[in-house]
Amino acid sequence: SKLPKKEACGISQELDVVFALDGSEDTNTLTFKKMKEFIQGSLKAYDISKEKARIALMTYGDKSVSNLELKDGVSKAVVEQIITDARPIGGKRKLTDALKFADSKMFTEGTGRRAGKVLVLMVTGPNSQIDKGEEMKSVLNELVRKKITLVVVGVGKNVKDEDLKRIAKEDNTVKVEDKDELENALPKVADKSAKAAGKPVMLDLGFVFGANGKNAGATYDVEKDFARRIIGKFDISRAGTLVGAIDYDNDARLSWRFG
């Protein structure tokens with residue numbers, strides 16, 4: 001049967017996405033660079049335009065700064081350049097203040113009413129404002145009231161599970177032990193964004209499996225396990241994400257087609 005035609009690869013609905021980049025003093029230069037690359041990789045999931053997805057960027061440390069407002073984040077080229085130009089803030093990691101800034105300065109009435117709103121918070125360590133627990137709860141409740149989906153991406157071994165749970169429910173958190181594993185967080189950010197927009201992620205997801213030598217079987221099992229974990233992050237359906245795969249040794253074979 002003929003598959004339904006897709007409008008675009010990714011999320012083509014009305015959506016506002018704010019990325020909050022951890023630029024505090026203990027975020028090293030390479031990790032900061034990798035987080036910026038992660039955000040740029042995330043852009044592939046959105047149809048960026050004035051009518052569809054608008055993207056904003058803020059950076060935080062001992063203060064918070066707006067790098068790009070939603071009203072200006074309507075061109076992929078502009079968004080990519082702003083991300084490239086972003087620099088660390090320094091100072092302590094004031095997460096509570098960063099969330100208050102995102103709520104009051106990034107998602108403002110002036111940005112207009114949008115169908116979906118997502119805040120992607122990048123974190124590389126614990127909150128320095130533990131004494132502001134009640135303020136944290138208050139701002140998190142305000143985000144819920146405004147129907148802003150909060151997704152927290154923890155990067156590095158300084159991020160503890162309990163730190164993430166203080167900010168967002170477990171289903172809305174992703175933790176990677178190493179900055180080089182950040183790409184593993186892309187599916188969850190895309191999925192949460194799509195759900196905020198009220199639509200599944202429309203995506204063709206392909207895998208190529210291959211291994212040889214005496215450890216080929218074990219390597220092949222690792223590859224398949226990786227694919228299962230990635231697939232598990234998406235809504236697999238004809239209206240959402242379609243999956244296909246090729247496996248090879250001396251010759252390439254089609255394991256299954258998209259759909």
Side-chain angles (χ1 to χ4, degrees), residues 16-40 42 55-73 79-108 110-111 117-146 148-169 172-179 182 185 189:
D16 281 343
V17 184
V18 175
F19 289 92
L21 190 55
D22 188 341
S24 55
E25 61 188 5
D26 57 355
T27 301
N28 66 53
T29 302
L30 186 54
T31 298
F32 191 78
K33 179 175 180 289
K34 288 288 185 179
M35 288 194 295
K36 292 201 297 182
E37 291 174 356
F38 167 81
I39 295 174
Q40 288 183 324
S42 299
I55 308 296
L57 178 70
M58 60 173 279
T59 313
Y60 71 93
D62 62 355
K63 63 179 181 179
S64 297
V65 173
S66 172
N67 304 82
L68 178 67
E69 295 182 14
L70 286 167
K71 65 181 179 61
D72 300 318
V79 175
E80 287 179 331
Q81 188 59 55
I82 294 296
I83 295 169
T84 299
D85 293 342
R87 296 292 179 267
I89 298 295
K92 300 295 183 182
R93 181 178 297 100
K94 295 185 177 180
L95 271 176
T96 306
D97 287 354
L99 287 168
K100 289 168 65 177
F101 183 89
D103 172 45
S104 63
K105 302 297 184 184
M106 304 303 291
F107 293 101
T108 64
T111 61
K117 292 174 283 189
V118 180
L119 172 60
V120 182
L121 181 69
M122 310 287 293
V123 181
T124 65
N127 187 6
S128 68
Q129 298 178 297
I130 296 297
D131 59 321
K132 291 191 173 184
E134 290 304 314
E135 283 189 47
M136 171 72 87
K137 289 180 183 178
S138 177
V139 70
L140 291 176
N141 288 336
E142 187 64 12
L143 294 178
V144 171
R145 187 187 71 80
K146 293 180 178 179
I148 298 172
T149 299
L150 174 61
V151 182
V152 184
V153 181
V155 186
K157 296 181 179 179
N158 290 331
V159 180
K160 307 302 180 187
D161 290 338
E162 55 266 30
D163 295 327
L164 298 181
K165 289 176 183 177
R166 289 191 186 101
I167 308 170
K169 57 184 180 180
N172 279 33
T173 64
V174 190
K175 180 183 172 186
V176 294
E177 293 287 335
D178 188 272
K179 58 187 176 299
L182 262 170
V189 172

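Shortest non-hydrogen contact noted between M122 and L182 is CE-CD2, 4.2 Å. Between L164 and G154 the shortest heavy-atom distance is CD2-CA, 4.2 Å. Looking at every heavy atom in both residues, R93 comes nearest to P126 through NH1-O, 3.1 Å. Across all their heavy atoms, S24 and G91 have their closest contact at CB-O, 3.4 Å. In terms of heavy-atom proximity, A56 sits nearest to M106 at CB-CE, 3.8 Å. Smallest separation of non-hydrogen atoms from P88 and F32: N-CZ, 3.6 Å.
Of the candidates M136, K132, K92, D97 forms a side chain to side chain contact (heavy atoms under 4.5 Å, CB included) with just one, namely K132.
When atom types are taken as modelled, the side chain of N67 and the backbone of I82 share no donor-acceptor pair closer than 3.5 angstrom. In this structure, K175 contributes its side chain and V159 its backbone to a donor-acceptor pair below 3.5 Å. A donor-acceptor distance shorter than 3.5 angstrom exists from the side chain of T84 to the backbone of E80, with no hydrogens or angles considered. At distances below 3.5 Å, not a single donor-acceptor pair connects side-chain atoms of D103 with backbone N or O atoms of L99. The backbone N or O of T124 sits less than 3.5 Å from a side-chain atom of D22, completing a donor-acceptor pair. Side chain of E135 to backbone of T96: no donor-acceptor contact under 3.5 angstrom is found. The main-chain N or O of A86 is found under 3.5 Å from a side-chain atom of K36 such that the two form a donor-acceptor pair.
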Worked check of side-chain contact (heavy atoms from CB on, under 4.5 Å) between F38 and V189: CA-CA 11 Å; F38 167 81; V189 172; 3.8 Å; yes
K146/F107 under side-chain contact (heavy atoms from CB on, under 4.5 Å): CA gap, chis, key distance, verdict: CA-CA 9 Å; K146 293 180 178 179; F107 293 101; 5.7 Å; no
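Annotation: the span from L57 atom CG to L68 atom CG amounts to 7.0 Å, rounded to 0.5 Å. For the atom pair K94 NZ and N127 CG, the distance stands at 10.5 Å (nearest 0.5 Å). Note that CD of E37 and CD1 of I83 are 11.0 Å apart. Values are rounded to the nearest 0.5 Å. Note that OH of Y60 is 11.0 Å distant from CD1 of I89, once rounded to the nearest 0.5 Å. Rounding to the nearest 0.5 angstrom, the gap separating the CG atom in L119 from the CG atom in D16 is 11.5 Å. Interatomic distance, CD1 of I39 versus CG of L21, reported as 4.5 Å (0.5 Å rounding).
Salt bridge absent: K165 and E162 never bring a charged side-chain N and a carboxylate O closer than 4.0 Å. Between R166 and D163, at least one side-chain nitrogen of the basic residue sits less than 4.0 Å from a carboxylate oxygen of the acidic one, meeting the salt-bridge criterion.
Listed by first and then second residue, the salt bridge (charged side-chain N to carboxylate O under 4.0 Å, His left out) pairs involving residues 56-69 are E69-K71 (not counting sequence neighbours).
No side-chain donor-acceptor contact under 3.5 Å links E142 and S104.
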